[in-house]
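These notes concern the structure reproduced below.
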Amino acid sequence: MLGGQFTRNLASSLTKCCRLLHGLSGKVESMDGNSEERITRVLFCGPHFPASHNYTREYLRKYPFLQVDEVPIDDVPNSISKYHMCIVKSMKLDSNVISLATEMKLIMQYGVGLDGVDIDAATKYGVRVARIPSHVTGNAASCAEMVIYLILGLLRKQNEMQIAVEQRRLGEPVGETLFGKTVFIMGFGNIGIDLAKRLRPFGVKIIATKRSWEAQSQDSCQSNDVPGPNSTTNDLIDEKGVHEDIHEFASNADIVVCCLNLNSETAGTVNKKFISSMRKGALIVNIARGGVLDYEAVLDHLKSGHLGGLGIDVAWTEPFDPNDPILKFKNVLITPHVGGVTEFSYRSMAKVVGDVALQLHAGIPLTGIEIVN
């Protein structure tokens, strides 16, 4: 009797276990079947700036639910619908491309410049757009150092020195010192601040313009280096003005450094009128975007000799044509958009991008970036 009851209870328990296991199996199969949907896909547009996607992929290698892809620019329109996050780099993301990004949650730059993104279109389609603040990643410091490199290269006539080496000539060319010069920083943001810190020990006069000085935070003047922990903009610059003063400031400068964000208002700011207002023989260094400079105005003033030299890390079209007439002048230096491309800044930005991808996957608030829409 007892044995029969035990057998019936055991049979009932086994039946329940089988049902439970079957239910769990169904859930597991369902999860496996939806695993593709649970992967957060990160798109890097184009092959340029390869360290950006390589370092980000390396940072996220422990997270199999995050997929980092680099897609050729021409293939982006056909692929973008599969991605949840896009790092635009140097690609133009217009309304047509953004309209195809049906799963997109965030478009961001591996750095600061968002001039290639149609922000209004992104807003229309419910996609957030963001940049990485330059002062938290070392990008501003790296760009500031590149400016100093270009300034010194122009003053000491780098191209002519190379010719002298090839021709086995010693003691020439005769260069100039940075000491005693007046440097005009046009656009006194994070890069301008870090540049002023690094210029001060050279014994220069620093003048700067900014659309609004009220927005200048003293905290941003307290990160890194000289002059000291309690420094303000008044310690970093000798004279400050607003955007309407740029022609007057240009007339008083030996070196003009462009640090403006490129937008509809700043495009072509350095035009014929601006360069004509500069001192004869003065230098222009552009660390911002190529479109801030008017190409024809720069070329004409190089030909006339009014412009004493040009140092650019950014160009009107990128990659820049190595046979462009501007590059025929000995007093022109160009670098391949590497102002912010240093181990320190790119590793830092890879961490920001990687952390944001993790936050996006988890559905929690995004940190470490500046949302612009």
ask   = Does Thr137 use its side chain to pair, donor to acceptor, with the backbone of Ser345 at less than 3.5 Å?
value = no

request  = Would you kindly confirm whether Val112 and Val314 end up in one hydrophobic cluster when ILVMFWY residues are joined by side chain heavy atoms under 4.5 Å apart?
outcome  = no

remark   = Heavy-atom closest pair (Asp321 atom, Leu327 atom, distance to 0.1 Å) is O-CD1, 3.7 Å

inquiry  = Donor-acceptor pair, distance only, cut-off 3.5 Å: does the side chain of Trp316 make one with the backbone of Gly290?
reply    = yes

message = Using the rule that Ile, Leu, Val, Met, Phe, Trp and Tyr join whenever any side-chain heavy atoms are under 4.5 Å apart, tell me whether Phe320 and Leu333 fall into a single cluster.
response = no

ask   = Going by an N to O cut-off under 4.0 Å, is there a salt bridge joining Glu265 and Arg211?
value = yes

ask   = Between Thr335 and Asp313, does any side-chain donor sit less than 3.5 Å from a side-chain acceptor?
value = yes

inquiry  = For the backbone of Ile275 and the side chain of His306, can you confirm whether one donor and one acceptor N or O come within less than 3.5 Å of each other?
reply    = yes

Among Lys157, Lys181, Arg156, the one residue meeting salt bridge (charged side-chain N to carboxylate O under 4.0 Å, His left out) with Glu176 = Lys181

inquiry  = Is the shortest side-chain heavy-atom distance between Ile98 and Ile80 below 4.5 Å?
reply    = no

ask   = Tell me, do Ile206 and Ile185 make a side-chain contact under 4.5 Å, heavy atoms counted?
value = yes

Nearest heavy atoms of Trp213 and Gly241, plus distance in Å = NE1-O, 2.8 Å

key: Side-chain ion pair, Asp254 and Arg279, N-O less than 4.0 Å   = yes

request  = Could you tell me whether the side chain of Gln109 and the main chain of Lys89 form a donor-acceptor pair under 3.5 Å?
outcome  = yes

Phe65 atom CZ: more than 12 heavy-atom contacts under 6.0 Å = yes

query = Do Ile87 and Leu358 belong to the same hydrophobic cluster, where Ile, Leu, Val, Met, Phe, Trp and Tyr are linked whenever their side-chain heavy atoms lie under 4.5 Å apart, directly or via other members?
reply = yes

inquiry  = Against the six-membered ring of Tyr55, is Arg347 placed for a cation-pi contact (under 6.0 Å from the centre, within 45° of the normal)?
reply    = yes

key: Main-chain N/O of Lys330 paired with Asn159 side-chain donor or acceptor, under 3.5 Å   = yes

task = Kindly determine whether Val257 and Ile151 satisfy side chain to side chain contact (heavy atoms under 4.5 Å, CB included), including the steps that lead there.
result = CA-CA 9 Å; Val257 181; Ile151 290 175; 4.2 Å; yes

request  = Spell out, as yes or no, whether a donor-acceptor pair under 3.5 Å connects the side chain of Asn373 to the backbone of Val129.
outcome  = yes

task = Determine whether Val270 and Ile284 make a side-chain contact, defined as any pair of heavy atoms from C-beta on separated by less than 4.5 Å.
result = yes

Tyr346 reachable from Ile287 in the ILVMFWY side-chain graph, under 4.5 Å edges = yes

ask   = Any side-chain donor paired with an acceptor under 3.5 Å for Asp69 and Tyr83?
value = yes

inquiry  = I'd like to know if the side chain of His301 pairs up with that of Lys272 as donor and acceptor (distance under 3.5 Å, no hydrogens or angles considered).
reply    = no

task = For Ile191 and Cys259, work out which heavy atoms get closest and say how close.
result = CG2-SG, 4.1 Å

query = Any side-chain heavy atom of Ile312 sitting closer than 4.5 Å to one from Val285?
reply = no

query = With no hydrogens and no angle check, is any side-chain donor or acceptor of Asp245 less than 3.5 Å from a backbone partner on Glu248?
reply = no

query = Is a side-chain donor-acceptor pair under 3.5 Å present for His247 with Ser277?
reply = no

message = If I compare all heavy atoms of Tyr59 with all of Ala350, which pair ends up nearest, and what's the gap?
response = CD2-O, 3.9 Å

inquiry  = Measuring centre to centre across the rings, with the benzene-like ring taken for any Trp, is His337 within less than 6.0 Å of Phe49?
reply    = yes

ask   = Any side-chain heavy atom of Thr269 sitting closer than 4.5 Å to one from Leu260?
value = yes

key: Asp300 side chain to Tyr295 side chain, donor-acceptor N/O pair below 3.5 angstrom   = no

inquiry  = Show the nearest heavy-atom pair for residues Gly138 and Phe344, with the distance to one decimal.
reply    = CA-CE2, 3.5 Å

ask   = Is any side-chain heavy atom of Arg131 closer than 4.5 Å to a side-chain heavy atom of Ile369?
value = no

key: Salt bridge present between Arg289 and Asp115 (N-O < 4.0 angstrom)   = yes

request  = Begin with the C-alpha distance, continue with both residues' side-chain angles, and end with the deciding distance and a verdict on side chain to side chain contact (heavy atoms under 4.5 Å, CB included) for Met349 and Asn139.
outcome  = CA-CA 8 Å; Met349 288 190 286; Asn139 184 66; 4.1 Å; yes

message = Is a donor from one side chain sitting under 3.5 angstrom from an acceptor on the other, for Ser142 and Thr342?
response = yes

ask   = Is a side-chain N or O of Asp75 found less than 3.5 angstrom from the main chain of Val71, in a donor-acceptor match?
value = no

ask   = When you check the side-chain N and O atoms of Thr367 and Gln359, is any donor under 3.5 Å from an acceptor?
value = yes

task = State, to 0.1 Å, how close Gly311 and Leu154 come at their nearest heavy-atom pair, and which atoms those are.
result = N-CD1, 3.5 Å

Side chains of Leu302 and Val332 in contact at under 4.5 Å (non-hydrogen atoms) = yes

message = Test side chain to side chain contact (heavy atoms under 4.5 Å, CB included) on Arg169 and Ile163; report intermediate values, then the result.
response = CA-CA 9 Å; Arg169 293 185 282 110; Ile163 293 171; 3.6 Å; yes

request  = I would like to know whether Cys86 and Cys45 meet side chain to side chain contact (heavy atoms under 4.5 Å, CB included); could you show each step before the answer?
outcome  = CA-CA 7 Å; Cys86 175; Cys45 298; 3.5 Å; yes

request  = Could you tell me whether the side chain of Cys258 reaches within less than 4.5 Å of the side chain of Leu293, counting heavy atoms only?
outcome  = yes

key: Lys197/Asp235 ion pair, N-O < 4.0 Å   = no

key: Exam field: side chain Asp194 to backbone Ala141, donor-acceptor pair closer than 3.5 Å   = yes

request  = Determine whether Val127 and Leu100 fall in the same hydrophobic cluster, where Ile, Leu, Val, Met, Phe, Trp and Tyr are linked whenever their side-chain heavy atoms lie under 4.5 Å apart.
outcome  = yes

ask   = Hey, is Asp120 close enough to Lys124 for a salt bridge, meaning N to O under 4.0 Å?
value = no

